[in-house]
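Structure, as structure tokens:
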Amino acid sequence: MPATHRSRLLTALVRGLLLGAVPATTLSSCATNPATGEQQLSLISESQEIQMGQQAAQEVQQTIGFVDDEQLQAYVQRVGESLARRTERPNLPWTFRVVDDPTPNAFALPGGYVFVTRGMMEYMRTEAELATVLGHEIGHVTARHSVNQISKQEIAQLGLGIGSILSPSIARLGQVAGVGLQLLFLKYSRDDERQADELGFRYALAGGYDVRQMLNVFTTLQRVGEASGQSPLPSWLSTHPYPAERLQATQQRLAALQQPLQNTTVNEAQYLGQVNGMVFGDDPRSGYFRGAVFYHPGLRFRVEFPSSWAAQNLPQAVVAMSPQQDAAVQLTLSPEQSVSSAAQTFLSQEGVTAGAPVTQQINGLSAAVAPFQATTDQGNLRGLVAFVSYDGRVYQLLAYSVMAQYNQYDAVFRQVLSSFAPLTDPRALAVTPNRVEVVRVAQSMTLSQFAQQYPSTVDANTLAILNELPSATASVPAGTLLKRVVGGSAG
């Protein structure tokens, strides 16, 4: 998975808080690559591989989240499973999910867990394209590329340690650092990527799909990268071969085919029906930042973090880390029904030494605030915790640092905790996400004419990329299905 805006923060969390390691268990040293028949290094059995993937998949759901659309999830599972059952490893617990991330991306975990982002879904046009993307990720699994890389690097199960004792969210983040994140940030070799392309081509072809659509995927990824002003591969690992190379390799495979592709499956209309209405870009209803201030329109609150800190909105927590990566603040929902019971539960944890909670008002809201110290396997922590009752929920704001640095952060922590307040700004409360809308044009027209007749909230270049058209001047025949982006309102 690439180092996008979300994964960069998670990387920082791992690097900044990583304090210990546990040696990996070695079972065997050599195994046969199921997809190629070649011998490869393997220190992990298939049952361990499945267990690792299963745990990491749970962490992906908790830290990134899945798109809340059962029909879409079932559709992607159906497409992916139809390919996986024709591979060399049909009996793995194959699972395919769309994760709620706007970056065009797809990734796989060991044991048969494959993910595609809604950003990737939005930039494709056909089920055949989806099949080639899923096929590529399936290839990583069937060829056991993750297992091979882990074996080569003797990757340990790493834990955050710091803060794990303090809250379930931080503990979960520690677990994903051990399995999930370490796997997500695992870099395949370029040979692995080439092999996955070849396998993905083979699996999509065996599934009856028009593999010529694979060319569109690589072209679109390149255009997205160029439009963002980054390298041509902003959403793929740096070890991926460049799109031009992958396009050429795909063209060579197509030229070598001995079978016709005229009657193979494309399924454009069915696919576009699945992405119609999908959120485009970040969803501000689930929380968004304006500078250092975090707004949550759905839950109607705001909180301000230090302007120089790296902050991120995750599905189950809002987290921020100091530039020196020696202090952190985390906002979560408490399962308790009152601030007193929440404080008691937190402060009674083993290893936590706390002062008496002080009942007070924070911006008119009932709250309990307490200092604490905690002993972890990696060292001692010191911090403040506040529990705030608002709109039938109890929010936990946890601010902590290593013991030696606490004094320099005390004032910062208190300022963050005291900034939690109800959100009353009508503009912030009314914010709505952009969404993809699919339109069937009644007559032949250029994309520019389409944009005039069906206004979009994205620029013409993005609209061209979304529709896999070379430019805004490109013409489409009557009856063509085109995507536009509508509905977003800024906070």
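Note that the structure is a prediction, hence the values are computed from the model and not measured. Nothing fancy with the numbering, it's 1 onward along the sequence.
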Within-4.5 Å side-chain heavy-atom neighbours: [X] and [Y]:
X	Y	result
S366	T359	no
L134	V114	yes
L447	N467	yes
V141	L92	yes
E129	E468	yes
Y395	F420	yes
P306	V416	yes
F294	E304	no

At their closest point, which heavy atom of [X] faces which heavy atom of [Y], and how far apart are they?
X	Y	result
N363	S418	ND2-O, 2.9 Å
N313	G287	ND2-O, 3.4 Å
A464	R223	CB-NH2, 3.7 Å
Q330	A317	CG-CB, 4.2 Å
G53	L109	O-CD1, 4.0 Å
P104	V224	CG-CG1, 4.1 Å

Rounded to the nearest 0.5 Å, what's the gap from [atom1] on [X] to [atom2] on [Y]? Could you check?
X	Y	atom1	atom2	answer
T117	E122	OG1	CD	8.0 Å
L381	D326	CG	CG	11.5 Å
L466	L482	CG	CG	10.5 Å
N105	M121	CG	CE	13.5 Å
L398	S334	CG	OG	11.5 Å
I138	L83	CD1	CG	4.5 Å

Counting only heavy atoms not in [X] (residues, nucleotides, ligands), do more than 12 fall under 6.0 Å from its [atom1]?
X	atom1	value
R393	CZ	yes
Q337	CD	no
Q324	CD	yes
Q71	CD	no
Q344	CD	no
D391	CG	yes

* Asked: Can Q360 and V369 be said to form a side-chain contact (heavy atoms from CB on, under 4.5 Å), step by step?
  -> CA-CA 8 Å; Q360 62 184 75; V369 181; 3.7 Å; yes
For the residue pair [Y] / [X], report whether a side-chain donor-acceptor contact shorter than 3.5 Å exists.
X	Y	value
T126	Q213	yes
Q77	R97	yes
Y75	E127	yes
N216	R125	no
T345	E336	yes
T103	D101	yes

Given the options N276, L463, V438, K483 meets side chain to side chain contact (heavy atoms under 4.5 Å, CB included) only with V438
Side-chain donor or acceptor of [X] paired with backbone N/O of [Y] under 3.5 Å:
X	Y	result
S389	V339	no
R484	V439	no
S307	A292	no
R435	G277	yes
N267	Q270	no
Q349	F346	yes
Y400	A374	no

Intermediate values then yes/no, side-chain contact (heavy atoms from CB on, under 4.5 Å), T220 and M124: CA-CA 8 Å; T220 297; M124 295 187 293; over 6 Å; no
Determine, stepwise, if the pair D283 / R285 fulfils salt bridge (Lys or Arg N to Asp or Glu O under 4.0 Å). CA-CA 5 Å; D283 185 355; R285 299 300 305 172; 6.0 Å; no
Inset, instruction - Determine, step by step, whether M120 and L130 satisfy the side-chain contact (heavy atoms from CB on, under 4.5 Å) criterion, reporting the C-alpha distance in whole Å, the side-chain angles of both residues, the deciding distance to 0.1 Å, and the verdict. - result: CA-CA 9 Å; M120 188 68 147; L130 173 64; over 6 Å; no
Exercise. Go through the steps to decide whether F372 and T353 satisfy the test side-chain contact (heavy atoms from CB on, under 4.5 Å), and finish with yes or no.
Key: CA-CA 6 Å; F372 69 88; T353 303; over 6 Å; no
Q) What orientation do F413 and Y409 show, parallel under 30°, tilted 30 to 60°, or perpendicular over 60°? A) parallel
- Task: Give the C-alpha distance, both sets of side-chain angles, the deciding distance and a yes or no for salt bridge (Lys or Arg N to Asp or Glu O under 4.0 Å) between R118 and D100.
- Result: CA-CA 6 Å; R118 62 174 168 83; D100 193 11; 2.4 Å; yes
